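What follows is a single structure, written as structure tokens, with notes after it.
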Amino acid sequence: MTRSLYAIVNTKMSWNSTVELSKEAYAELVFWNQNVDCLNCRSPWLPPSLPAKFVYSDASVHACGSFIQNENKVFHQNWSPAERKKSSTWRELKTVELALISFAPSLHNVFQKGLWQEVFKDPDLQSLSARLQTTILSARAPATEQSTRSSSSVDTAFYSIKWAHESAGLVSPTDNPLVNRVREAAKRISGAKRCHRKEPLSIEIIKDIISAADLSNTLQLRNICLYFLCYAGFFRSEEATSIRRNHITFHDGYMTIKVEKSKTDQLRQGDEVIIAQSGGSACAVSILRDYLSRLNIDPHSDELIFRQLVKTKSFYKLVNKDKPISYTTFRDHLSKSLRSVVPDPSVYGTHSFRSGGATKAANSGVGERVFQRHGRWKNVSAKDGYVKDNITSRISVSKSLGL
């Protein structure tokens, strides 16, 4: 505070008194407005905003205390003999630190950047004020870990705090070795919560499904068609349910299906999948032909082929609404189809068709380049994550060692 402003403040009768600014005091305010961008990393010229919570604290020679307004949360503590000898400023700052630790579960949603400048000459005060930043980071950390199952969210919180401090020209608490160890531990804990990948579906299980199905029932025919397309075309569930009639072209001995939108097609350039006609009972091309013929879908239309079916007195028909069946519907029908075929249907999911087809192709010696293109994987490592090597392939490694 400068001289004229200080003189104005000294004329007030109480804390709530209003004062009249002199020309000199007004000139000082204009000077600060034109020359100061921030004070303690906050702009003094922003419009005031209502705090999310009011936390009051105080400290005496013997004890300290704090409470959150309108909440039944109170903290209090007596000072030790050594702490009583500290300065009153130290005790006030220490009360803030203890209150933050005590009220962390209630305050983690309202903590922002928590930036302080070390403006104290006393080494004890410098250490304490710097530690307040780490205290806020520690209070935020449990909420970050508990609210996410992804290790990437831990990194997001870490680097956000690091960026905020470095942008303000301050030492970041993320440079502390302890904070880095906590970060790594949180990432390991988050990673451990990930669910296990579903097992790939073998061609033998899929053939058992078709054997148990009644293909005269249009609903069951639709499900079988969806299963075989996902297996033969390495389709994700959202890719298969988004297929439209004009995406499909039948040729002599094979068919092509255009994939307009895929998770790995970020530029939306599109791709096409080629599926051969095998001629057997498990032929995806023949099953799809039967399905399209039974529902009488115009070959030139842009209708979604996998939509909700409505049962009438004598047959099923597709609803007019241009909306694909949901993931939940797909998953529930698959679970029902597997109940009479496998002991535990829960180990399989809609992605099991994609991984099952990929596993079969890899173990059959399909070339790497066409294999990766058929599954529309961006790189080899992504492709390999879908393949489960069979026992013959794994045994061949040790057999090749000449033992």
Side-chain angles (χ1 to χ4, degrees), residues 197-245 247-248 250 254-259 262-263 273-295 297 303-309 316 318 324-364 374-376 386-388:
R197 186 186 292 269
K198 297 294 185 180
E199 288 292 314
L201 278 165
S202 66
I203 186 59
E204 291 75 21
I205 294 176
I206 296 178
K207 286 182 177 180
D208 288 341
I209 293 176
I210 192 173
S211 298
D214 178 13
L215 297 186
S216 63
N217 182 301
T218 307
L219 177 62
Q220 293 191 40
L221 176 62
R222 183 201 68 182
N223 294 338
I224 294 297
C225 183
L226 183 57
Y227 301 162
F228 274 84
L229 282 184
C230 287
Y231 181 84
F234 298 1
F235 285 114
R236 302 175 179 88
S237 60
E238 64 271 17
E239 293 174 345
T241 56
S242 298
I243 295 174
R244 298 182 181 273
R245 181 59 185 90
H247 293 169
I248 305 167
F250 292 100
Y254 69 95
M255 68 176 176
T256 60
I257 301 177
K258 184 179 180 181
V259 182
S262 174
K263 186 174 73 172
V273 176
I274 299 177
I275 299 176
Q277 184 171 359
S278 64
S281 61
C283 176
V285 177
S286 300
I287 294 173
L288 180 59
R289 279 185 185 273
D290 292 344
Y291 173 70
L292 296 175
S293 175
R294 185 174 304 181
L295 291 173
I297 302 176
E303 295 180 48
L304 290 165
I305 66 171
F306 295 116
R307 307 200 304 274
Q308 182 182 353
L309 290 171
Y316 282 91
L318 290 167
I325 62 172
S326 66
Y327 167 80
T328 304
T329 300
F330 185 3
R331 182 195 61 195
D332 291 345
H333 280 294
L334 172 60
S335 179
K336 186 176 180 180
S337 300
L338 288 170
R339 285 174 192 167
S340 61
V341 178
V342 296
D344 184 10
S346 65
V347 301
Y348 301 102
T350 60
H351 226 56
S352 296
F353 293 107
R354 180 171 166 85
S355 60
T359 296
K360 180 64 176 177
N363 291 324
S364 299
H374 190 76
R376 303 164 304 285
Y386 284 82
V387 176
K388 186 174 183 179

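Predicted model only: the values in this text are computed from it and were never measured.
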Non-hydrogen atoms of Y231 and K360 that approach each other most closely: OH-CB, 3.5 Å
Given T329 and T241, is the side-chain contact (heavy atoms from CB on, under 4.5 Å) satisfied, shown in steps? CA-CA 11 Å; T329 300; T241 56; over 6 Å; no
Steps toward side-chain contact (heavy atoms from CB on, under 4.5 Å) verdict (V342, V347): CA-CA 10 Å; V342 296; V347 301; over 6 Å; no
Return the CZ to CG distance between F250 and L288, rounded to the nearest 0.5 Å. 4.0 Å
Side-chain donor or acceptor of R354 paired with backbone N/O of G375 under 3.5 Å: yes
L318 side chain near I297 side chain, heavy-atom distance below 4.5 Å: yes
Is there a donor-acceptor contact under 3.5 Å from the side chain of S242 to the main chain of E238? yes
Rounded to the nearest 0.5 Å, the CG atom of L338 sits from the CD1 atom of I205 at a distance of 7.0 Å
Tell me if a side-chain donor or acceptor on S335 pairs with a main-chain N or O of R331 at a distance below 3.5 Å. no
Between A276 and V285 the two heavy atoms that sit nearest each other are O-CG2, 3.6 Å
Does the side chain of I224 come within less than 4.5 Å of I287's, by heavy atoms? yes
For a quick test of reading the model, state the closest non-hydrogen atom pair linking A284 to A232 and the distance between them. CB-CB, 4.1 Å
F353 and Y227: aromatic ring centres closer than 6.0 Å? yes
Can you name the closest pair of heavy atoms from I305 and Y291 and give their distance? O-OH, 2.6 Å
When rounded to the nearest 0.5 angstrom, what distance separates CD1 in I209 from NZ in K336? 13.5 Å
For the side chain of S293 and the backbone of D290, is there at least one donor-acceptor N/O pair under 3.5 Å apart? no
Check Q220 against A213 and note the closest heavy-atom contact, atom names and distance. OE1-CA, 3.4 Å
Backbone of R307 reached by a side-chain donor or acceptor of R222 within 3.5 Å: yes
Hey, does V341 have a side-chain heavy atom less than 4.5 Å from the side chain of Y348? no
Check for a donor-acceptor pair, side chain of R376 on one end and backbone N or O of F234 on the other, with a separation under 3.5 Å. yes
To the nearest 0.5 Å, what is the distance between CG (N217) and CG (N223)? 8.5 Å
Return the minimal non-hydrogen interatomic distance between Y254 and T256, and the atom names on each side. CE1-CG2, 3.8 Å
Are more than 12 heavy atoms, taken from residues, nucleotides or ligands other than Q308, located less than 6.0 Å from that residue's CD atom? no
Which value, rounded to the nearest 0.5 Å, describes the distance between I203 atom CD1 and I206 atom CD1? 5.0 Å
With side chains defined as the heavy atoms from C-beta onward, is the minimum distance between L304 and I243 less than 4.5 Å? no
d(L334 CG, T350 OG1) to nearest 0.5 Å is 7.5 Å
Quick one: does K207's side chain have a donor or acceptor within less than 3.5 Å of a partner on S202's backbone? no
